[in-house]
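Inspection log for the structure reproduced underneath, given as structure tokens.
Residues take their numbers from the sequence shown, with the count starting at 1. Because the structure is predicted, anything quoted here is derived from the model rather than measured.
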Amino acid sequence: QVQLVESGGGLVQAGGSLRLSCAASGRTFNNRAMGWFRQAPGKEREFVAAIRRSGGGTYYAYYADSAKGRFTISRDNANNTVYLQMNSLKFEDTAVYYCAVISDSGYRGSYQLRGAYDVWGQGTQVTVSS
């Protein structure tokens, strides 16, 4: 059974930082694209960041405009874990954050598409107080 488990969410003041973790179990996702999405109350789930590895071993990261310059996605393949470092948090970053993986190693479409991801975690709440 493939599982993704997020952790690291919590309550933080505006301007603060949090690091989210997503641990994968059941199989290795070293060569699969992994992403972070978030969903605020009353809003649709939206893309935050993604990371993929090229055939040559180079890692590429993708960010939503709202995350650029403040968030950093990274991965630790030895521990099958992907991270989202969030700095300079704003009230509008408040949401449930989900990690997800694209199981298809041959996928070459947009990494911002929610529908491209087929395994999801249960989410972790991030609340930023203003």
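- Atoms CG and OG1, from Leu18 and Thr124 in turn, are 8.5 Å apart once rounded to the nearest 0.5 Å.
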Checklist entry - Leu20 and Glu6: side chain to side chain contact (heavy atoms under 4.5 Å, CB included), yes or no, with the steps? => result CA-CA 7 Å; Leu20 305 183; Glu6 302 96 334; over 6 Å; no
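- Residue-environment remark: OH (Tyr59) exceeds the threshold of 12 foreign heavy atoms within 6.0 Å.
- When side chains are defined from C-beta on, Phe29 does not count as touching Val82, because their heavy atoms never get closer than 4.5 Å.
- Residues Ala14 and Ser130 share a closest heavy-atom pair of CB-CA, 4.3 Å.
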Checklist entry - Please walk me through it: do Arg38 and Glu46 pass side chain to side chain contact (heavy atoms under 4.5 Å, CB included)? => result CA-CA 5 Å; Arg38 67 186 183 186; Glu46 65 177 8; 2.7 Å; yes
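- Asn31 and Ser105 form no side-chain donor-acceptor contact under 3.5 Å, judged by distance and modelled atom types alone.
- Ile73 CD1 to Arg52 CZ: the interatomic distance, rounded to the nearest 0.5 Å, is 12.5 Å.
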Next on the checklist: Is there a side chain to side chain contact (heavy atoms under 4.5 Å, CB included) between Leu89 and Phe71? Walk through the geometry before answering.
Outcome noted: CA-CA 9 Å; Leu89 283 162; Phe71 295 1; 3.9 Å; yes
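- Ser17 and Ser88 get closest at one heavy-atom pair: OG-N, 4.3 Å.
- Although no hydrogens or angles enter the test, the distance criterion places a donor-acceptor pair under 3.5 Å between the side chain of Thr94 and the main chain of Val128.
- To the nearest 0.5 angstrom, Gln85 atom CD is 9.5 Å from Ser21 atom OG.
- Grouping Ile, Leu, Val, Met, Phe, Trp and Tyr by side-chain contacts under 4.5 Å, direct or through others, puts Tyr62 with Phe37, Phe47, Tyr60, Val96, Tyr98, Ile102, Tyr107, Tyr111, Leu113, Tyr117, Trp120.
- The minimum heavy-atom distance linking Ala40 with Ala95 is given by the pair N-CB, 3.8 Å.
- Salt-bridge annotation for Asp93 and Lys90: absent, with no side-chain N of the basic residue lying under 4.0 Å from a carboxylate O of the acidic one.
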Item to check | Step-by-step side chain to side chain contact (heavy atoms under 4.5 Å, CB included) determination, Val5 to Ser25 | outcome: CA-CA 8 Å; Val5 179; Ser25 62; 5.7 Å; no
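- To the nearest 0.5 angstrom, Met34 atom CE is 8.0 Å from Thr81 atom OG1.
- For the atom pair Arg19 CZ and Ser74 OG, the distance stands at 7.0 Å (nearest 0.5 Å).
- Taking CH2 of Trp36 as the reference point, atom CD1 of Ile51 lies at 12.0 Å (rounded to 0.5 Å).
- With a 4.5 Å cut-off on side-chain heavy atoms, Met86 and Val12 do not count as touching.
- Val48 and Ala67 get closest at one heavy-atom pair: O-CB, 3.8 Å.
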